[in-house]
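Beneath this line is the structure, given in structure tokens, with notes to follow.
Chain letters run A, B, ... following the sequence lines, proteins first, then strands; residues in each count from 1.
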Amino acid sequence: MTLSESAAAPVDEVVLEAVGLTKHFPVRKRLRDLFSRTPAVVHAVDDVSFALHRGRVTALVGESGSGKSTVARLLAQIYPRTAGDLRLHGTSTRVRGGRPFRSYVRRVQLILQDPFASLNPVHTVRYHLTRSLRIHGNAGRSAEDLEQALAKLLTRVSLTPPERYLDAFPHELSGGQRQRVAIARALGADPEVLLADEPVSMLDVSIRLGVLNLLQDLKERLNIAILYITHDIASARYFADETIVMYAGRMVEGGDSEIVTQNSAHPYTRLLTASAPDPERITGDGAGAGIDEAAGKDRGQGEPPSLISPPAGCRFHPRCPHAMRRCTADLPPRLTVGDRPGHWTACWLYDPATVAADAPGSAAPDADPAVPPPPALVKREDTATLGEAR
Amino acid sequence: MRTRQLLAVALAGAMATALAACGDSPNANKKNGQAATVLNVGMPNGPQAENNNPFLTTSAAASLGYRWQIFEPLMMWNPVKPADPFKPWLATKAEWSADYTSVKVTIRDNATWSDGQKLTAEDVAFTYNLVKKYPALNDQGVPYTDATASGNEVTIKMASPQFVNQQKVLWRVPIVPKHLWEKISDPTTDAVKQPVGSGPYTLKSFTPASTTLTVRDGGYWQDLPKVKELRFTSYTDNSAQTTALANGESEWSFVFIPNYQTVFVAKDQEHHKVWAPAILGIHGLYLNTTKKPFDDPALRRAMNMVIDREDIFTTAEAGYFHPLVKSVTGLPSPAGDSFIAPEFKGQDHKVDLEGAKALLTGAGYKLDGNTLKDKTGKAVTIKLTDPAGWSDYQTSLEIVKDNLSKIGIAATIDKANQDAWFRNVEQGNFEATFRWTEGGATPYDIYRTIMDGRQLKPIGTASPAGNFGRLNNQQATEALTAYANATDEAARTAAMNTLQKVFVDQMPMIPVGADNIGGAYSTKNWTGWPDDSNPYGAMQPTQPNALDVVLHLKPAGS
Amino acid sequence: MTISPSSIEQVIPGQGAMAQPSAAPGRAKRRRFRFIANAKAATGLVILGVYCLFAVIGPWVAPHNPDARSGDVLQPPSTAHWFGTTHLGQDIFSQILVGARSVMVVGLIAGVLATILSILIGVTAGYLGGAADEGLSAMSNVFLVIPALPLIIIVTSIVEQASDTLVALIIGCTSWAWGARVLRAQTLSLRRRDYVEAARATGERTWRIILFEILPNLTAIIASGFVGTVIFAVMSEITLAFIGISSVSSWNWGTILFWAQGQQALAQGAWWWFVPAGLAIALLGTALALINFGIDEFVSPRLRSAGKTRIRTADGRTVRMRVGFTPVLAPSRPVPAPREEVAP
Amino acid sequence: MRDPVLEIRGLRVDYGLGDAAVHAVRDVDLTLHRGEVLGLAGESGSGKSTLAYGLTRLLPPPGVVSGGEVIYHPVDGPPVDVLSLSPAQLRAFRWAEASIVFQGAMNSLNPVHKVSTQLLDVIRAHEPRSTAAGRLARARELLKLVGISADRLHSYPHQLSGGMRQRVMIAMALALEPQVVIMDEPTTALDVVMQRQILGQLAELRERLGFAVLFITHDLSLLVEFSDRIAIMYGGRIVEEAPAAELYRRALHPYTDGLLHSFPALRGPRRELTGIPGSPPDLRAMPTGCAFHPRCPRAFTPCDAELPPLGPPGDDDPRRAVACWLHSATAPAPR
Amino acid sequence: MRFLLQRVAFYLFTAWAAITLNFFIPRLVPGDPVQSLISRNQGRISADAIESLRVLFGLDENENVWEQYLDYWRQLIHGDLGLSFTFFPAPVSTVIGDSLPWTVGLVGITTIISFLLGTALGVGAGWRRGSWVDGLLPATTFLSSIPYFWLGLVAIALFAGPGSFFPSSGGYEPGLVPAFDQYFIPSAIQHSILPAATILVSSMSGWILSMRNMMVTVSSEDYITVAHAKGLSERRVALSYAARNALLPNVSGFALSLGFIVGGTLLVEIVFSYPGLGYQLFQAVGAKDYPLMQGIFLIITISVLVANLLADVAYLLLDPRTRKS
């Protein structure tokens, strides 16, 4: 097996690129739908574009139902995409199975969320890893080669000594150990891209870090591109180089992780960061003092929209405290925020012309008038200078 | 909980209304029926559909037998004494032509239909023409060509000599009223809901389980029977019928009762009786005469010698179902007694193991230990076949198997599927099988079924009417033809003697038991039943004789 | 049916989250056979084993030829004839011994056939989904709704010479639907399991996924379906024999009952003629049902019999294990308050 | 310090009986004061949920409470031991005095009954003399309290989103204005935005109604923000207890410290995350001494042999308690 | 409603499949009803009658299968199931009409009672694990493993027979005319007790067991814990929360297993010679009465379908989750 310790290719090279990736799931037909022309679909993912770079971690942040896991499966080509393109090293690929699929997954491997479910309870660790090695031709020629490769894989994910784990069944392992086995299985293909779908969310807090550190270590040592999908925006800040925020199947903001989390541009990202638990917020004398600071800004009771008939325009507008008339009609394009290079958001607030024509919050009639003016324009200095910069 | 209460209330309510509305209940008089006026007849035939068509074998009237209490034949024939002359009934006289292709009957003039109309020769001619017109009604298969009435005489013509079928013509055809039946559009499917006949009874009520007949007010051509009401009950199965007989609920029936002495007679030694007279139809083991080594009459005769008819009679048929056939000629007694040829008179079958062995040795067989070897040195084996569900036959086969092993023939028993068995037997695809013969007024039917060369078909082609064993015997065939077509008694006797000789020599079928036409009955309420001392008729309630029996009954103790 | 995971389940230890990898991997393999340790399953398997033994050696050890007549006609059980004799003096004990084989063979063939069919149809439908699923599901649902026994009776009655094998085939071909339905549902749920998706994402081929990822996880259901079909097949076969539709040329317990019924054994008071066969059937059915309970309890531990439900505490009280009122074992120290109804 | 409303003393909860018993909760002492939010944090298997089910005696078989007492102090009237109540008394106690909100709201609501049925039957069970109209009015009011429009009363659970169901559960928990509300991971299954909203609402309601909350979660960061005091459980025992801010600023137990360094912070400087090595202990084979010692970076001699008692730390802060030889007043000093 | 429409569509499809199957079965291997009739009357019908019977039954018609199939449908639509061979020329529909009430009365009512009673006992067994009902399970398992017909035989041997209150066969005392009066109704009830008890005994344990298992499963659901936590009365938790939910799978189970049950209970009719459909089917099979066989099978199938549909409706009423449009 050839788990390359040093990368031959330059760091930052784009390995896998999604261009306008779209996935609509057909809704089960109902009797009355027989007569309607347009079939009902779930707009799970719409027009998602981003690139995964060698040796970098890209985080995809969103709540449940935002389509982030669908993106992972589209990238792994487990689901066929409805529209858009997927470029592996610049070459458009579309595989449906068989040999092409295998050679694709050799380079792009998926790690699933639940380590309690992603390993078949009837098979041992050895079986899982051996299959992965064999399928991708990394098992070597002899039994010894295989043993070596297995030991190497387990060592790589810090399950040592390997003999202790090889013949164990999944139920005999702890959650963290299982997730490590799942990672080892993915590594058995010697991939260039790891798609990690919430790899730690099912694990205990105390073990999460170990798994994330392992991924980070792999990224550095093997120079792998990692897509880190999470609902925990704080972990994206910590772990990812770049963060993309999704809402209701669309990307709403992206850029350097630190910028996206600290200087969130999109109202949704702000809602997200404001809602995340933050011990620093405590005042010491009692609970909940700052707890509803952000919550009041959500006009939608925290409920995401239906993806079968998503809202027109910006999908966040029904909940957005700053919604403008344009938000209800036109889909906001990617707009550069301008504070840092590469920071962008899909929000009309960042289009000076729109803001000029329409007061932010004007399309949010039930918005509490006491709510402070749109932070994007007033509250924060960095965005206040935004208009000038553009 | 609530629903349960509701249900109970609803049920109670329904019961109450039902009971309240029972003023003119058809069951009101059920319990107080006078014992001395009612006769309970039973058959184990299951629920019936209302159908009183006397011509249809499938009708309730035929199945339970009450058709003969409503409709009457021209003459009565006693199957127990087949050679006895016919007893005048609706016809006072029947004159056959010498070749038996036509019969001239004289209709009695005092018979009336139950609707009051007079029974005439027209009615009789109409009936025979009806049967001729609708082959589906001609369940006896007599080739009628024409029936014409003139005055009180009717001449019925047939296409072929019917000497052997006299009873089919005169005894088996229920006479129906022309004035009603000519209006029936399709007599083959008409259920005749309101039967009008010339018999002493009329239909009172019908239910799937029982039919009640009540005696006519008058107008019957002879004395009205003492039985004022006849109840025909169709029990769901043999055991239900047996139970009903045993506890006296049923007074007359025809049903197979295993171990009948214990199960039925012992329940009331004094009154419970079984009388099962033999008729001229037998059961026996057909051997396939084309299969080696059973093409050898010597072997067949030897087999006959070891088969223990008595054992079969007592064990398999529980001593009553198929009366023992004693005579070597296969003719049952007493029905066939008068036909037995002088040379076989008094010659009864006996198990003769030594004789059989001697016969076999003489014919070139060798008994090698427990195995019989044929002339070529091959062990003789035989496969006995009968439908799986026919327990009496199966039991008989078991006994036969046992008997044959005494002369070293290894028998296997094949419990066949009924359809397959029928087909295979007709096509000659069997080695040995238990089966019945046709029955009739003369032994002709027995021998025809066994040895008729006119029915000889190659193996594989069905011969439904007989000669399943494919016996190819010119002498027998000629004798059969001669018997049926003879115009004088001497010729018939000669032919009959020949037939018996051929049968005994060839032994194409090993006779075991006779068909019976008997029944189980109780003398508790009614006496006057036929029995050995007075065998005036058949004992089966579904035969035309049943009417004669009913007319003989008298209240017990009177 | 899907059982939604209860949050309580998570806190019950031994569910793996806290387990250390075992030093002896052999222990793990035993887990698959652990259900044998289930008392019900064990009882069932032992009884079944005895039946299987009789099926194999029955015809050899039978003291008499089951067809052989003897002079002892309709005798009650005695030392010579343990279960008595028939109207022909046949030994009923021998008939039962010999009959075991036919019963077991039919059960086995029908069970295997139905199981194979149900796997083929159920798993295929569940895994493929779409039109194939719709079609196959509709087919199995049709078979499920149509009354099986009348159908089997009618089909068997029109077939001539219905041998054991044929009866088994007919039963097998008509009784796969239940298994297929259960398997389909389970496959459908397994197909969405992460490990199946993970296997696909690893690049496993479809047939391998079905064979090595899905089927092993269906073992319990397949086994339970198999046992269920065997029960049904045995009962059907015996029924067919009893009502005299299938060939009664070979002895099975239905055939014995058929003769008993045909000879009105009841009216003759020959209880020994039908009691042993019925008990043999009932015991076999019970054994198979017990095995199925064992499998059920193995699959779904909650169903296990409660074991000890009444506990005697140290101070002599008896408390009951019951949902909603966790028993308190230790005597409480005297509480600084009179125990009385808490006013709301 | 406010009055205690619920005192747990030496509570022991087992799964199974006799030698086969697994001790899931061991000698837990914990006091919930009137009107406070007490956070209970720990990893899965630490016994925190078992504690909640045990003290309310809702643990299904084979769970048994094998010792201890749970003293409830009603607003007026003498204290009672919940563990020694008869079934009828317990039924009366439940919900009226202490209600519970469970993790999975989908599973907590009976899928076949309308929200109204489930809201009304609890009121009727405890206030049999109330009128139907009165109950209905109360149910509407309760729904409004948690920000759900009253017409949702006639919905079935499956017609509500996860967030709404959890709100309904909270409304139901408050129906009888209990003194104690036990919340077992009430927001774990929800998205952060929803979680924040619900917690905000809960904080507001607590201000208004003054009930005490026992808040159980594995998310320490949430507790720090939301609760007044925090107790940390490990291996079935409480290992540390302190006011939330104190705990966050200065964790005494190495486990607490490890937990606090396990989750990344969203704001502020990027902290170093150390995490905790190893895996949580197996309850069936607990390490001797301090259960945490195999994973503890600072373990020393007595840790693997002697169980550290839960008590005030060496610096004798009366508001805090810790079970660690590092901080025990009586402990041998680290060598 | 969509759910219901779907089910109706499915049942129509199934009915079509069953009818078609029904059409083809006897045509695949044509047996000979005439021979069968003769064999039933061993020797009492002469071979000469064969011809007349053939003509009578109209067995000579030769049509191609497709035309026969269309005819078959045409007749069916007119409610014409053909003429029975055994009871010729009684229409099959008449024969079935005579026996159907008995089956519905005995098997139908008993099946429902068995389901209700079994379910109620199962609720008890599942709710109070280890109670006496739970203790009954091994016994009921054994009872349910006994073939229906054998249990019937034993019941007859033990309880029926001459002099006993329980008759061993039939649906009412022969000689009575079916009518709602004080003679017939008690007789009919008296005749139905043993068969009904047999069906109850052997079919109930299945319901007990499945309901118990569902109760046990449901008992550990969170909403049951919540119901307990709410301080609701034991009865309310057990019935309104646990049993109500546990019933749902059992209702659909009831529907699905109807086919099996009906098959099994028909045997009871055979053993007790109860004049219902099962007995008629048995007779028809013995007599190769294909029209009757077909008709009975059709009626059984359709009634099972209807029962299924009713169970679906019940499910629809019981489970609000299926009700959403």
### Message
Using only non-hydrogen atoms and a strict under-4.5 angstrom cutoff, which residues of residues 219-227 of chain C touch chain A?
### Response
none
#### Entry: Per-residue contact mode, A:Tyr127 against chain C (heavy atom under 4.5 angstrom)
side chain
### Query
Contact part of A:Ile135 toward chain C, heavy-atom cut-off under 4.5 Å: side chain, backbone, both or neither?
side chain
Compare all side-chain heavy atoms of [X] with those of [Y] and state whether any distance is below 4.5 angstrom.
| X | Y | answer |
| --- | --- | --- |
| A:Pro170 | C:Tyr195 | no |
| A:Asn120 | C:Pro216 | no |
| C:Thr202 | A:Val105 | no |

### Query
Can you tell which of A:Gly176, A:Ser103, A:Ala117, A:Ala186 has the highest number of heavy-atom pairs within less than 4.5 Å of chain C?
A:Ala117
### Query
Among A:His136, A:Arg73, A:Arg131, A:Gln109, which residue forms the greatest number of heavy-atom pairs with chain C at distances under 4.5 Å?
A:Arg131
### Message
Looking at every non-hydrogen atom in both residues, tell me the closest pair between A:Ser118 and C:Ala198 and how far apart they are.
### Response
O-CB, 3.8 Å
### Task
Return yes when atom CZ of A:Arg134 has more than 12 non-hydrogen atoms of other residues, nucleotides or ligands closer than 6.0 Å, and no otherwise.
no
### Task
Working to the nearest 0.5 Å, report the span between CG of A:Asp114 and CZ of C:Arg193.
10.5 Å
### Query
Roughly how far, to the nearest 0.5 Å, is CZ of A:Arg99 from CZ of C:Arg205?
6.5 Å
